[in-house]
Each structure stands twice: as structure tokens, then as C-alpha cells.
Amino acid sequence: MVKYPFGPADLLTQAFAATINLSVDNANTYVQCDVLTGATTVNVTATGAALENGALLYLEVPNNGTARDVTAGTGLSTGIAGTINKTKVATYVMRNGTFVQIGLNTIN
């Protein structure tokens, strides 16, 4: 499969789990999580040979009537504080093997 920038970005969907393990092999990856029903820890492993500094990861996390936090695990620099009934999208850029958060937006 042709990867970004010559092919499309990856779009991954992720069911809720107390620990989420993501394998990223595209230089532009968007992850849509199901509504968080509890706090979660996200671990990210870069598996693509073409992943270099500057690769982008977007992590979309929706909350319901309870604010649920995302804790940064392996490969992720910063977690996401949950907000009741809001969806947040965090933007990360790869720097020396770790995805470093460079932005956080509430999209609803």
C-alpha cells in the first residue's frame, strides 16, 4: 500500500479499552476512539520503516457525561484531560521516536 504523502493518510478506529496499544506505520495517521467509558492509557509504537521525525498522529477522544482522561503511555509525550460531553483532538508530531503533542482542540 502506498503511504502518505504519496497515498492517503491512515484512518484507524479504536474501541475503548483501559489500555490502548496503537501501531503507527504511516507518516499521517488519524485515530478515532469510541466514547471513553473510563480512563485509558495510550501506547504508541512506530512500526513503519518510513516513519521519521515530523510524522503526524491525530488522536480523537470523545467523552460522555463523565470527563475521562487519557494518560500518555509508551511513545506518547502528553495525555489528554477529558471534558464532559466534549470531543478533543490532540495533534502529535514524531520527534526522536516519541510523538510529542503540538496541539489540542475541542471540536464540539
Side-chain angles (χ1 to χ4, degrees):
M1 172 184 250
V2 178
K3 300 292 184 179
Y4 181 87
F6 303 105
D10 280 351
L11 174 61
L12 309 176
T13 56
Q14 178 63 54
F16 170 77
T19 301
I20 295 173
N21 296 305
L22 300 174
S23 293
V24 175
D25 67 354
N26 195 337
N28 195 353
T29 303
Y30 194 99
V31 181
Q32 291 177 318
C33 294
D34 286 345
V35 172
L36 300 182
T37 57
T40 188
T41 298
V42 176
N43 299 307
V44 181
T45 302
T47 58
L51 284 180
E52 299 175 346
N53 287 341
L56 296 171
L57 172 67
Y58 305 92
L59 185 58
E60 178 181 314
V61 289
N63 280 253
N64 57 14
T66 303
R68 312 286 188 178
D69 293 338
V70 175
T71 301
T74 304
L76 205 62
S77 70
T78 307
I80 303 168
T83 302
I84 294 171
N85 295 321
K86 297 294 181 185
T87 298
K88 292 187 176 180
V89 176
T91 304
Y92 298 87
V93 65
M94 180 179 271
R95 181 176 180 272
N96 299 328
T98 298
F99 283 96
V100 177
Q101 190 178 90
I102 60 170
L104 179 64
N105 295 293
T106 301
I107 62 171
N108 68 341

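Residue numbers count from 1 along this sequence.
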TODO: Verify side chain to side chain contact (heavy atoms under 4.5 Å, CB included) between V31 and L22, making sure each step is shown before the conclusion.
DONE: CA-CA 9 Å; V31 181; L22 300 174; 4.0 Å; yes

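- Of the possible polar contacts, one joining the N64 side chain to the T66 backbone as a donor-acceptor pair under 3.5 Å is found.
- From N96, atom CG reaches atom CD of E52 across 12.0 Å, with rounding to the nearest 0.5 Å.
- Exactly one of T83, N63, T106 qualifies for a side-chain hydrogen bond (donor to acceptor under 3.5 Å, both in side chains) with K88. That residue is T83.
- Grouping the Ile, Leu, Val, Met, Phe, Trp and Tyr side chains by contacts below 4.5 angstrom, directly or via other members, places V61 apart from V93.
- A distance of 10.5 Å separates CD of Q101 from CG of L57, quoted to the nearest 0.5 Å.
- Here the CD-CG distance, from E60 to L11, works out to 9.0 Å after rounding to the nearest 0.5 Å.
- Looking at every heavy atom in both residues, C33 comes nearest to P62 through O-CD, 3.3 Å.
- Taken from CZ in R95 to CD1 in I102, the straight-line distance is 12.5 Å, to the nearest 0.5 Å.
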- [ ] Take L51 and N26 through the test side chain to side chain contact (heavy atoms under 4.5 Å, CB included) and record every step on the way to the result.
- [x] CA-CA 7 Å; L51 284 180; N26 195 337; 5.7 Å; no

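- Panel note: side chain T40, backbone V70; no donor-acceptor pair is recorded below 3.5 Å.
- At a threshold of 4.5 Å between side-chain heavy atoms, the hydrophobic network of Ile, Leu, Val, Met, Phe, Trp and Tyr places I20 and Y30 in two separate groups.
- Distance alone, capped at 3.5 Å, is enough to place a donor-acceptor pair between the N108 side chain and the T87 backbone.
- Hydrophobic clustering (side-chain heavy atoms under 4.5 Å, transitive across Ile, Leu, Val, Met, Phe, Trp, Tyr) keeps I84 apart from V35.
- By the rule that hydrophobic residues join a cluster once side-chain heavy atoms approach within less than 4.5 Å of another member, V89 and L36 end up as members of separate clusters.
- Side chain of Y92 to main chain of S77: no donor-acceptor pair is present (N/O by atom type, distance under 3.5 Å, no hydrogens or angles).
- The closest donor-acceptor contact from the side chain of T47 to the backbone of V24 lies under 3.5 Å.
- The heavy-atom pair separating G79 from A72 by the smallest distance is N-CB, 3.6 Å.
- Note that CG of L104 and CD1 of I80 are 6.0 Å apart. Values are rounded to the nearest 0.5 Å.
- Here CG of L59 is found 9.5 Å from OG1 of T91. Values are rounded to the nearest 0.5 Å.
- Y58 and V42 fall into different hydrophobic clusters, where Ile, Leu, Val, Met, Phe, Trp and Tyr are joined by side-chain heavy atoms under 4.5 Å apart, directly or via other members.
- Annotation for F16 and T37: closest pair CD2-OG1, 3.1 Å, computed over non-hydrogen atoms.
- With hydrogens and angles disregarded, no donor-acceptor distance shorter than 3.5 Å links the side chain of D69 to the backbone of A39.
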